[in-house]
Student: 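Quick one: structure below, then a few questions.
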2 protein chains.
Amino acid sequence: MSLTSVNPRNDAVLATIEESTAQELEDALAAAWAAAPLLRAMSAAERGRWIRAVADALDRRSDELVQLAGSETGLPHARLTGEVVRTTTQLRFLAAHAETGQPFEPTIDRSDPSWLPAPRLDLRSIRAGIGVVLVFAASNFPFAFSVAGGDTASAWAAGCPVIVKTHPGHPLLSEAVAETIRGTLAAQCVPPGAFAVIRGFDVGRTALTDRRVSAGAFTGSLAGGRALVDIASRRHNPIPFFAEMGSINPVVVTAHASRERPEQIAAGLADSFLLGSGQLCTKPGLILIPSGSGIAERITALTAESPAGVMLNRAIRDRHRSALREFLSHSEIGLVAVGQQAPDDHGAFEAPTVTSTTAKALIADPDTITEEHFGPSTVLVTYESETELQAAIQTLPGTLTGTVHCGSGEDVTGLVAMLAERAGRVLVNDWPTGVAVTWAQFHGGPYPSTSDARHTSVGAGAIGRFLRTVAYQNVPDSALPPWLRNANPDRILRRMDGVLTDEPISEGP
Amino acid sequence: MSLTSVNPRNDAVLATIEESTAQELEDALAAAWAAAPLLRAMSAAERGRWIRAVADALDRRSDELVQLAGSETGLPHARLTGEVVRTTTQLRFLAAHAETGQPFEPTIDRSDPSWLPAPRLDLRSIRAGIGVVLVFAASNFPFAFSVAGGDTASAWAAGCPVIVKTHPGHPLLSEAVAETIRGTLAAQCVPPGAFAVIRGFDVGRTALTDRRVSAGAFTGSLAGGRALVDIASRRHNPIPFFAEMGSINPVVVTAHASRERPEQIAAGLADSFLLGSGQLCTKPGLILIPSGSGIAERITALTAESPAGVMLNRAIRDRHRSALREFLSHSEIGLVAVGQQAPDDHGAFEAPTVTSTTAKALIADPDTITEEHFGPSTVLVTYESETELQAAIQTLPGTLTGTVHCGSGEDVTGLVAMLAERAGRVLVNDWPTGVAVTWAQFHGGPYPSTSDARHTSVGAGAIGRFLRTVAYQNVPDSALPPWLRNANPDRILRRMDGVLTDEPISEGP
């Protein structure tokens, strides 16, 4: 089997690339398995050194990589340039966070003869890399959620070897990034099993069933993610698998907000749902607006003058188009606005589209109306009263984000709490697209937005997905992992008898 | 359907109790669902108040409850009295740990116009209760892993309502503990949905498929745990389900140790594998000893003079007996010692039994030889060389604990690291039975010892299983969860721009 790289702007075939062979997969698994204990035993500072070297190498090659990414994905140059910065910043951020020791939660309970119900001996615990992590790359962020993206960065920072199943949408870029990584790791004398790429749908599925793989991560569609989650959970030994599967990202516009700044809200929404041709996990896909607010008319005008956008490929474009056709066949859903028509005869272009319905219809048929449409479209849902708004929110499925636009001084406590029940991130007077890589970031949410609402794939917390704890009872100091030993030369914070401290310990077990 | 409570010492029928009806289950689910947002919004101090009241009420009723537990489980009075202390200490410990705020990981990133690749607005995140937790109680710890056990305590501390599917082995005790809890919660004006018990195998399975249940926990057998894990992962919306399924808990005795203190090791092993008639998840079930060490002879002598112990019930006793018979049919496995014979005509008594084999046989057929036998038996595995010992360790499955007994001054770094690859807790010169409830404790491990190696069911970390994060972007101070607001009157530690601090914030979002 082979993969074909196509320029979505003009259908030009850029290359044909073979899928990985069974032997290539076996080599990758064997090398990764061998590297797992080595990476786990490496200090975070040592891992940080080569993770930063990878970031630096990608930055140096940015122009060339952006060029390649643009030809394979159709995404604009400025966006891709920013995405490289985001990706390399993310590598450095996660490496630095790991170096603080905090993701590993070093914990020390000194022996205590008065402990209840029985005296206890010295007990210390620390998290360490879970083993080989299999990453399924996404199509829509060819850098930040692909070969050197957040899943790879957090697995490395955790001390895990990574095998990336590349996305067929950008095979040339994937190979170029992989080559950069391999070259850097070799120059840094990192065990070669720390990283590999594999190509092919079936190859990825086979890898996921291999006993040497200890965890997995995915960003993509609900159908694709769920299929992989099911494989991971049905193995002889189930493994943690984190799938981020996109969502509807509801936005609530209060009556107060719609009176106060209708133009600003309409413009912000248009910018947000059209960003990246609507191919973002955090695209606002459903907007609850007060009936008669005038916002719909403003969005209509903005959408009508918007150009058709190029999508990642024709298959994604065609799925969006047929899903919208099906959606519009619903008796309670109407077409509000269509942007400039896309040329049908070449490229993967798609016209911006806005549809509308009522909160009543949403409440009556939430499954249809809250389905995610991956592409440049959104649905306006008009509500007649606050009661109806609240009932509508109650029907919403799990989602990555939930947003409130409110008026100045308006109390949004209730709306924020309602959205927090079903979202992983709640925003006020902002837009959900754009996910900063920070300590507090949480890019996750209740099903179906992810497969496990407890985890994030972006931000400092992403590292924790790939760590498991080992406790050490009465173990001699010299046989403990370095960060659990009495001396604490790195002065990392450790929880000692329940209290965080960077102090060393004078007596040991 | 009904459950029968039987005294395992004399087969006396103590009571017959009906399983929960469909209506009772529906009532429990509806009440728990309604209570979830209330418990989540409650402060940790407020939850701590009633969790401690439950602990106090159980302590007050301890004598009566221990009496009941003894009659239903056959466990000795002193052990059960200690287990009540452990259980109530655990309730108070987890409540107090929640009150520090640390399990909720409050994190604040203030807005930063210089952030890369783009300026960011104020972003704050905190974990909160995931929703209704369904707990499947265990048979072997009728207090500490049952109705008011560690799963209930950690779910409550996380802010989650709990529904306990009681274990049929101690239905009278389960009802007495439940009654104590209900009475206390009512007196403390806690929403009644914070706690319920349900009875019956099918009732529990049905509950696990209900959309109102957000997470689950189980302690028991591999077959039982895996069946529930599979139900949880095959739901329309998969939910986190943590199953602790016991393990083989290997012990390695080095040549040095066996020369230095053979009597002490033999005595320690006999005490540990016979504790609670061997019905502990952490029972040392496989002991690697150097050939010709003399330890086997000492254990034989100790075992031969040990009395038959009463097991939890005849079914468990019969399973142990037939599993041992099957085990001994293996050509490479021999019978080393049998303790005083059990009466066959009444009660669930079982004789202590020690079997033996060689490291060669273990390496040749690890699946058979590493199978857990829940009861008063263990297998001695003799090794001929360090190389053979290491090869034997490589065959061991995931396990809750791994233990090394070494000589004074002996370097055990390599053995500790090898055991840490497959265990959740590694001990040196101690025994794995007895699991202290502390900050560093980790009661978990790679499959098949648990369904997710990342989690523990004992210790401070147990709370995290039942929490999910929500991030708040640009949300007004007054609409934030209290611990994320600028003022920090409780002076809890928060990660602010990456650094832990208990300082309040002067300017807000």
Side-chain angles (χ1 to χ4, degrees), chain A residues 37 82 85-86 89 107-109 115-118 120-121 123-125 130 229 233 237-238 240 411-413 416 420-421 423-430 434 436 438-442 444 447-448 451-454 456 461 467-476 478-479 493 495 497-498 500, chain B residues 37 82 85-86 89 97 107-109 115-118 120-121 123-125 130 229 233 237-238 240 412-413 416 420-421 423-430 434 436 438-442 444 447-448 451-454 456 461 467-476 478-479 493 495 497-498 500:
Chain A
V85 174
R86 181 201 162 147
T89 305
T107 307
I108 297 175
D109 299 330
W115 199 251
L116 288 177
R120 61 173 165 82
L121 293 181
L123 185 70
R124 307 181 182 205
S125 66
I130 196 170
V229 167
S233 65
N237 61 329
D411 179 13
V412 288
T413 310
V416 165
E421 293 273 331
R425 180 162 56 112
V426 178
L427 305 87
V428 173
N429 293 348
D430 198 4
T438 69
W439 298 273
Q441 188 56 274
F442 193 80
Y447 193 88
S451 55
D452 188 339
R454 297 173 300 175
T456 178
L467 295 171
R468 77 171 176 93
T469 306
V470 177
Y472 298 85
Q473 185 168 329
N474 197 41
V475 170
S478 61
L493 280 174
R495 186 176 306 282
D497 300 327
L500 285 166
Chain B
V85 174
R86 179 198 164 149
T89 304
H97 187 59
T107 307
I108 298 176
D109 299 330
W115 200 250
L116 288 177
R120 61 174 167 81
L121 293 181
L123 185 70
R124 308 182 182 204
S125 67
I130 196 169
V229 167
S233 65
N237 61 329
V412 289
T413 311
V416 165
E421 293 272 331
R425 180 163 55 111
V426 178
L427 304 88
V428 173
N429 293 348
D430 198 5
T438 69
W439 298 274
Q441 188 55 274
F442 193 80
Y447 192 88
S451 55
D452 187 340
R454 298 173 301 175
T456 179
L467 294 171
R468 76 170 177 93
T469 306
V470 177
Y472 298 84
Q473 185 168 330
N474 196 41
V475 170
S478 60
L493 281 174
R495 187 175 307 281
D497 300 327
L500 285 165

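All heavy atoms count here, side chains included; hydrogens, waters and symmetry mates do not. Protein chains get the first letters and strands the later ones, always in sequence-line order, with residue 1 at the start of each.
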Student: Heavy-atom cut-off 4.5 Å, strictly under: side chain, backbone, both or neither for A:A423 against chain B?
Tutor: backbone
Student: Considering non-hydrogen atoms only, spot the tightest contact between B:R468 and A:R454 and give its length.
Tutor: CB-CA, 4.1 Å
Student: Does a side-chain heavy-atom distance below 4.5 Å link A:L500 with B:L493?
Tutor: yes
Student: Among B:Y472, B:W439, B:Y447, which residue has the highest count of heavy-atom pairs closer than 4.5 Å to chain A?
Tutor: B:W439
Student: What part of B:T89 is in contact with chain A, defined as an atom under 4.5 angstrom from a non-hydrogen atom: side chain, backbone, both or neither?
Tutor: side chain
Student: Where on B:I130 is there a heavy atom nearer than 4.5 Å to chain A: the side chain, the backbone, both, or neither?
Tutor: side chain
Student: Provide the closest heavy-atom pair for A:A479 versus B:V412 in the form atom of the first, atom of the second, distance.
Tutor: CB-CG2, 4.1 Å
Student: What is the distance from atom CG of A:L123 to atom OG1 of B:T438, rounded to the nearest 0.5 Å?
Tutor: 4.5 Å
Student: With a 4.5 angstrom heavy-atom cut-off, which part of A:D452 approaches chain B: side chain, backbone, both or neither?
Tutor: side chain
Student: Just so I understand: if I count every heavy-atom pair under 4.5 Å between each of A:G424, A:G461, A:A436 and chain B, which residue has the most?
Tutor: A:G424
Student: In Å and rounded to the nearest 0.5 Å, what is the CG to CG distance from A:D430 to B:N474?
Tutor: 5.5 Å
Student: To the closest 0.5 Å, what do you measure between CZ (B:F442) and OG1 (A:T469)?
Tutor: 4.5 Å
Student: Report yes if the side chains of B:V470 and A:V426 come closer than 4.5 Å at any heavy-atom pair, otherwise no.
Tutor: yes
Student: With chain B as the partner, which of A:P37, A:P448, A:G82, A:P238 has the greatest number of non-hydrogen pairs under 4.5 Å?
Tutor: A:P238
Student: Given a strict heavy-atom distance threshold of 4.5 Å, which part of B:R495 is in contact with chain A: side chain, backbone, both, or neither?
Tutor: side chain
Student: For B:A471 versus A:A440, what's the shortest heavy-atom pair and its separation?
Tutor: CB-O, 3.7 Å
Student: Name the member of A:V229, A:I108, A:L121, A:D497 that forms the most heavy-atom pairs with chain B at distances under 4.5 Å.
Tutor: A:D497
Student: How long is the straight-line distance from CG of B:D109 back to CD of A:Q441, given to the nearest 0.5 Å?
Tutor: 8.5 Å
